[in-house]
J.: 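Here it is: the structure, laid out below.
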Amino acid sequence: MYYLLFTAEQSNLNPEIFPLELLGTIDQNDPFYAIAYKYIRNISFMDVSTLQQKNSFSLTENQKHYILFQS
């Protein structure tokens with residue numbers, strides 16, 4: 001979280017405004033999501049529906065392995 005906020009500050013991004021898209025095994029009930037939401041208000045999960053149409057994996061698996069599936 002520190003590095004994310006530091007990068008936002010160095011890039012002059014307002015944590016109340018800039019969009020943050022998450023990937024991986026995180027969900028809205030995760031403690032890390034709660035910490036991120038405390039400082040960054042515009043959080044969403046990356047839309048992997050297009051990728052999911054190209055393979056037989058679940059939504060969760062596509063979020064978790066997004067970078068691997070895109071390479």
Side-chain angles (χ1 to χ4, degrees):
M1 194 71 230
Y2 170 81
Y3 294 110
L4 180 62
L5 290 172
F6 179 76
T7 303
E9 179 184 356
Q10 295 300 307
S11 301
N12 294 320
L13 298 173
N14 182 346
E16 295 288 327
I17 298 172
F18 82 87
L20 174 64
E21 289 187 327
L22 299 174
L23 281 172
T25 58
I26 192 168
D27 63 20
Q28 286 185 331
N29 298 320
D30 194 296
F32 291 121
Y33 180 90
I35 292 169
Y37 189 76
K38 182 176 180 181
Y39 299 102
I40 302 168
R41 296 294 177 199
N42 193 6
I43 299 177
S44 62
F45 295 94
M46 186 175 277
D47 180 21
V48 295
S49 59
T50 305
L51 177 62
Q52 191 175 7
Q53 293 172 359
K54 297 177 184 178
N55 62 47
S56 60
F57 297 104
S58 69
L59 176 69
T60 305
E61 290 172 314
N62 276 291
Q63 287 176 329
K64 183 177 180 181
H65 302 295
Y66 181 82
I67 294 172
L68 177 65
F69 293 155
Q70 290 296 325
S71 60

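One-based numbering along the sequence shown.
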J.: From Leu23 CG over to His65 NE2, what is the distance, rounded to the nearest 0.5 angstrom?
T.: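 Result: 12.0 Å between the selected atoms.
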J.: Roughly how far apart are Leu20 CG and Leu22 CG, rounded to 0.5 Å?
T.: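 Here the interatomic distance stands at 4.5 Å.
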J.: Would you compute the distance between atom OG1 of Thr25 and atom NZ of Lys64 and round it to the nearest 0.5 angstrom?
T.: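 Taking OG1 in Thr25 and NZ in Lys64, the distance rounds to 6.5 Å.
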J.: Specify the closest pair of heavy atoms between Glu21 and Met46, including all atoms of both residues, with the distance to one decimal.
T.: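 Smallest heavy-atom distance, with atoms named: OE1-CE, 3.6 Å.
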J.: Could you see if Leu5 belongs to whatever hydrophobic cluster contains Tyr33? Use Ile, Leu, Val, Met, Phe, Trp, Tyr and a side-chain cutoff under 4.5 Å.
T.: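 Yes, Leu5 connects to Tyr33 through the hydrophobic network.
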J.: Determine whether the side chains of Ser58 and Glu61 contain a donor N or O and an acceptor N or O closer than 3.5 Å.
T.: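 Yes, side-chain donor-acceptor contact under 3.5 Å.
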J.: Check whether Ile35 and Phe45 end up in the same hydrophobic cluster, where Ile, Leu, Val, Met, Phe, Trp and Tyr are linked by side-chain heavy atoms less than 4.5 Å apart.
T.: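 Yes.
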J.: Just verifying a value: how many Å separate Tyr37 OH and Asp30 CG, rounded to the nearest 0.5 Å?
T.: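 Separation between the atoms: 16.0 Å.
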J.: Can you find a heavy atom in the side chain of Ile40 that is under 4.5 Å from one in the side chain of Phe18?
T.: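 Of all side-chain heavy-atom pairs linking Phe18 with Ile40, at least one is under 4.5 Å.
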J.: Between Thr7 and Leu4, is any pair of side-chain heavy atoms under 4.5 Å apart?
T.: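 The answer is no; the side chains never approach within 4.5 Å.
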J.: Using atom types as modelled and distance alone, determine if a side-chain donor or acceptor of Ser71 lies under 3.5 Å from a backbone N or O of Leu68.
T.: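 Yes; judged by distance alone, with no hydrogens or angles, the pair exists.
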J.: Treating Asn62 as the side-chain partner and Phe57 as the backbone partner, does any N or O pair qualify as donor plus acceptor under 3.5 Å?
T.: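 Checked: pair present.
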J.: Looking at Gln70 and Ile67, would you say the former's side chain and the latter's main chain have a donor-acceptor pair under 3.5 Å?
T.: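 It does not hold such a pair.
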J.: Taking a hydrophobic cluster as the set of Ile, Leu, Val, Met, Phe, Trp and Tyr residues connected by side-chain heavy atoms closer than 4.5 Å, whether directly or through intermediates, do Tyr66 and Phe32 fall within one such cluster?
T.: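 Result: no, two separate clusters.
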J.: In Å, rounded to the nearest 0.5 Å, how long is the span from CZ of Phe6 to CE of Met1?
T.: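 Output value for this atom pair is 14.0 Å.
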